[in-house]
Amino acid sequence: MSNINHFEFKNYRVFETTLAGRKLTVETGKMAQLANGSCLVRYGETAVLVTATASAKPRDGIDFFPLSVDFEERLYAVGRIPGSFLRREGRPSEKAILASRQIDRPMRPLFPKDLRNDVSIVCTVLENDYDNSPEVVGLIGASIAVSISDIPFDYVVGGCQVGLVDGQVVINPTAAQRKESQMDVTLCATREKIVMIEAGAKEVPEDQMFDALMQAHEEIKGLCDFIQGIKDEIGKPKFAYEQHDIDHDLFDKLEAACNDQFEQAMDTDDKTVRDAGVREIVDKFVESVDEAYLEEHGANLDECVDKLQKKIVRRWLANGKRVDGRGMEEVRPLAAEVHVLPRVHGSGMFTRGQTQVLTLCTLGTIGDAQELDTIFEEKEKRYIHHYNFPSFSVGETRPSRSPGRREIGHGALAERALLPVIPSVEEFPYTLRLVSEVISSNGSTSQGSVCGSTLALMDAGVPIKAPVAGISCGLITDGGQETTFTDIQGVEDFYGDMDFKVAGTKKGITAIQVDIKVDGLTPNIIRQAFEKCRVARYGILDEIMLKAIAAPRPEVSEWAPKMTTMQIDPDKIREVIGKGGSVIQKIVAESGAQIDINDDGVITIAAVRASDANLAQQMIEAIVKEPEVGEIYYGRVARLMNFGAFVTLTNNKDGMVHISKIADHRINKVEDALKVGDMVWVKVIEIDDKGRINLSMKDVKEEEKVL
C-alpha cells in the first residue's frame, strides 16, 4: 500500500470577468497560502502572483504607515536568461521601481491613517505576453490580495491603462496599439473617485485627456464590482490593530499656548525663517512646561507640533490664504538662465521661489545608449533623465547615497514629460543624458526639473519640437468644500491633500503625475487642476523660459561630439569592418572619430572636430563606392603581371591597367614603368559584365590630377 497522499486544495477558487474585451482570471486558495492574502491573476497570457502580508504587532517609534510594495521581475517570464555575470536577477530595474510606485501611490492613502503594522505587497511576474501589461495585472492583484486578506483596508480599487489610437480611447492597449498611441496613461480608481493618474502623452489637449480619463473610470467601475464580489465571497474579517493617536492633552496645551505665535512664525515665504521661528517657539514652550509632565507626555511633542502646523495651514488654505501671502492662482517668483556652465554641452537653471534646479545636458554617440535587461519590450534608451536630491537642498545633513525610489520616480516623470519633443535619431543622431541637480527644494522639484531640462536641451542645440514646462496644483478638502490652488510649495504639499503635476507644451499635455492623501478626486477637481496648470504653464513658457532662450541653438556646443550619419548597403558592412575589425580600426585610428554601424547599414560618425568626422566619412565612402566609367583615381599598384598591373582604387576594389594603357609610348615590360607600391593616376575606361574594372594611365589629363 502506498504511503503517498494526494494534496487537496480545499479553498481553491477561480473567478472570471472581462476587462476591455479580454478575459481576466483570478485564482485564490492554491498558491502562497501562508500570506495574509494572495491571488494569481491572469490577463491574456500575462500572469502575476500577488501576496499581501502584515506584521502581527505595530512597529515601535514611528509616526507613519510602514507600507512596502515590490514589483518583482523574473526574466523567465519572457523566456530570457539574465545578462549579469551571475545570470540571476539583480536590483530592480527602473521600470520595476516605477511599477511599484504606481501600486503604492493609489493604495497607501486608503489604509487607516493610524495603522502602524508593517504591510508588504509583493507582485511577482510569472509570465508576460507584452500585450497585457504586467503593471496593470499587478495593480489589480494587489487590490484583490489586500481586499480578501485580514489586513485593515476598507476600499476596493481597480486600474487600467488608457491609450488614444486614431482619435479613439483604447482601454488596456496591446503592444501594437501602444506604439501608435498618443497617450500612455495608468489610471487607478475606486468606484466613486479617481485615486491615481500616471500619464505620458504626445501633446494631448486637456479636454481630450479629461474625456479619456472619464471613459476609463467607467471601465474601472465594473472591475471594482468584480473585486467586491470576490471580497464578499471569500474575504477574511479584518484584524483589530493597536490604534495610534497623538497625545490630545499635550496638543491642547501646545495649541492654547502657541497657536498665535505659530501663525505669526509661519506667515512667511522663507522656509528657513519659518522653520527657525517654529523651533524657537517650541523651545520656549518646553521651558515653560513642568519637567514631570514632559517626562510623561514629551515623546509625542514632535507629532503635536506637526499637527498644529497642519491645522493652521489647512485652515488658512480653506479660507483662501496661503502661507507665503500669494493669491490662490499666483505662481511664486520665477527665474530662468541658460549657459550656466559653458564647458558642458548644455545647461539650464530654473528657479521657482525657493525651489531651484540645475539641469545639465550631455550629448553622446548612439553607442552610448543605455541597454536594458528587463521583462519589458524596451531594450535600450537613447534619451536618459536622472534626478538627484541631495540633503543640502532642504538644509539637512545626511550622507549621500544611491538614488532612492523617489529620485528614480521624479527623474522618470521629467523624462516622460520631455520624450514627446525629443527629435528622432534620424533628425539628431545623438544619445542624450540629462541630469537634474536639485540645489534648493521647497516644493515641486520634479516640475522644476522639467523646466530646467527644456532650457538645457535648447542650450545644447537639441532641436526639440516645442519647449515644455511643468507646474503643480494643490487641494484642500474641508467639510465638503474643495479648494484648489496653483504652484504648491513644500508646506502646502506636506499638509495638503493633493499634488497634481502637469507638464506640457502650448499644444497639450506631455506628462501627468498625481499624488493624493484623501480617498480620491472628483471629476470637478481634475478639470480644475487641468485648467489651472494650463494657464500657469503658458505663463511660465512665454514670460520666463522663452525670454531666457527663444529657440534651440543652431549648432551644438564646441565641446560636444560632431555627429554625422550615412547609409551604406548592408551587404558592404563586412567590407567596412574588415577581417578581425582591421579596416574599421584603421579608420578610427587615422580619423580620431567614433563609429557605430547598425545592421541596417546606417553608420553614425562622431568626433569633436567636424573635419575628423568628414575624414572618416570619406574613408568609408571610398570603401563602399562603386567605381564608374570616366572616374579618376589616385591608386596604389598592388600587383604586376606580364600583361599589365593591378591598381587598388579603394580599400577593396582593384582595377587592371593593360600594358598598352600605361604610357603613350610602347613598353616592353611592365616592370620598366611600374613597381609594387607606386601611387599612380588612373581612369576607369570600362566595367565589363562580370564587374571587372579596366583602367588607363595614359588617358588621364594633367588637369584631372587633383587630390
Side-chain angles (χ1 to χ4, degrees), residues 562 564 566-597 601 603-707:
K562 306 305 180 289
T564 185
M566 60 186 296
Q567 175 76 57
I568 67 170
D569 185 339
D571 292 338
K572 295 185 179 294
I573 292 176
R574 182 179 299 177
E575 297 174 9
V576 175
I577 295 175
K579 185 176 181 181
S582 58
V583 175
I584 195 71
Q585 290 171 10
K586 181 182 178 185
I587 296 172
V588 169
E590 292 185 8
S591 68
Q594 288 181 265
I595 301 172
D596 292 306
I597 304 177
I603 298 179
T604 304
I605 304 169
V608 175
R609 295 183 302 181
S611 58
D612 292 343
N614 292 337
L615 175 59
Q617 183 173 358
Q618 290 172 6
M619 295 175 74
I620 294 171
E621 286 175 343
I623 294 171
V624 301
K625 189 177 187 308
E626 293 291 344
E628 295 180 6
V629 173
E631 288 184 329
I632 307 296
Y633 289 91
Y634 189 55
R636 176 180 176 276
V637 176
R639 286 176 294 156
L640 301 181
M641 309 294 289
N642 292 333
F643 52 83
F646 284 95
V647 177
T648 300
L649 307 181
T650 66
N651 283 355
N652 66 327
K653 292 284 190 308
D654 284 350
M656 199 272 291
V657 182
H658 192 269
I659 191 171
S660 63
K661 297 292 184 180
I662 293 177
D664 291 329
H665 56 276
R666 179 180 175 83
I667 295 176
N668 295 320
K669 292 183 180 180
V670 176
E671 291 87 344
D672 293 340
L674 297 173
K675 62 180 181 294
V676 173
D678 284 350
M679 297 299 296
V680 296
W681 288 100
V682 293
K683 176 181 282 189
V684 179
I685 57 174
E686 180 188 19
I687 301 175
D688 66 20
D689 54 3
K690 293 183 179 181
R692 292 177 297 197
I693 303 169
N694 292 319
L695 307 171
S696 171
M697 291 173 58
K698 70 178 185 180
D699 291 327
V700 180
K701 299 176 182 177
E702 283 299 321
E703 61 268 22
E704 294 177 320
K705 297 178 181 180
V706 181
L707 286 174

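Heavy-atom basis, side chains included; hydrogens, waters and symmetry copies ignored.
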Considering all heavy atoms of both residues, which atom of P627 and which atom of I693 are nearest to each other, and what is their separation? CG-CD1, 3.7 Å
Where do L695 and L649 land on the side-chain contact (heavy atoms from CB on, under 4.5 Å) test, with the steps shown first? CA-CA 10 Å; L695 307 171; L649 307 181; 3.8 Å; yes
Return the CD to OG distance between Q617 and S591, rounded to the nearest 0.5 Å. 11.0 Å
Heavy-atom nearest pair, A673 first then D678, reads O-OD2, 4.4 Å
Write down the atom of I685, the atom of S696, and the distance for their closest heavy-atom approach. CG2-CB, 3.7 Å
Quick one: closest heavy-atom pair of A645 and V637, and the distance? CB-CG1, 4.4 Å
Trace of the side-chain contact (heavy atoms from CB on, under 4.5 Å) decision for I603 with D596: CA-CA 6 Å; I603 298 179; D596 292 306; over 6 Å; no
So, do I587 and I623 sit near enough that their side-chain heavy atoms are less than 4.5 Å apart? yes
State, yes or no, whether a side-chain contact exists between E704 and W681 at a heavy-atom distance under 4.5 Å. no
Tell me whether K572 is salt-bridged to D569, with the criterion being a basic N under 4.0 Å from an acidic carboxylate O. no
Under 6.0 Å from the NZ atom of K675, do we count more than 12 heavy atoms belonging to anything else shown? no
Drop me the distance from I659's CD1 to N668's CG, to the nearest 0.5 angstrom. 7.5 Å
State, with a plain yes or no, whether a side-chain heavy atom of I605 is found less than 4.5 Å away from one of M566. yes
V657 side chain near L674 side chain, heavy-atom distance below 4.5 Å: no
Can any side-chain N or O of K683 pair as donor or acceptor with the backbone N or O of I632 at less than 3.5 Å? no
Which heavy atom of K562 sits nearest a heavy atom of A613, and at what distance? O-CB, 4.2 Å
CD1 of I573 to CD1 of I584, rounded to nearest 0.5 Å, is 10.5 Å
Grab the two heavy atoms, one from L640 and one from E671, that are nearest each other, plus how far apart they are. CD1-CG, 4.1 Å
I620 side, atom CD1; E575 side, atom CD - distance, nearest 0.5 Å: 12.5 Å
Within this structure, what is the NZ-CD distance for the pair K661 and E686, rounded to the nearest 0.5 Å? 10.0 Å
Do N694 and I687 come within less than 4.5 Å of each other through their side chains, counting heavy atoms only? no
Sequence neighbours left out, what passes side-chain contact (heavy atoms from CB on, under 4.5 Å) with R574? Give chain and number order. none
Find the distance between NZ (K669) and CD1 (I662) and round it off to the nearest 0.5 Å. 13.5 Å
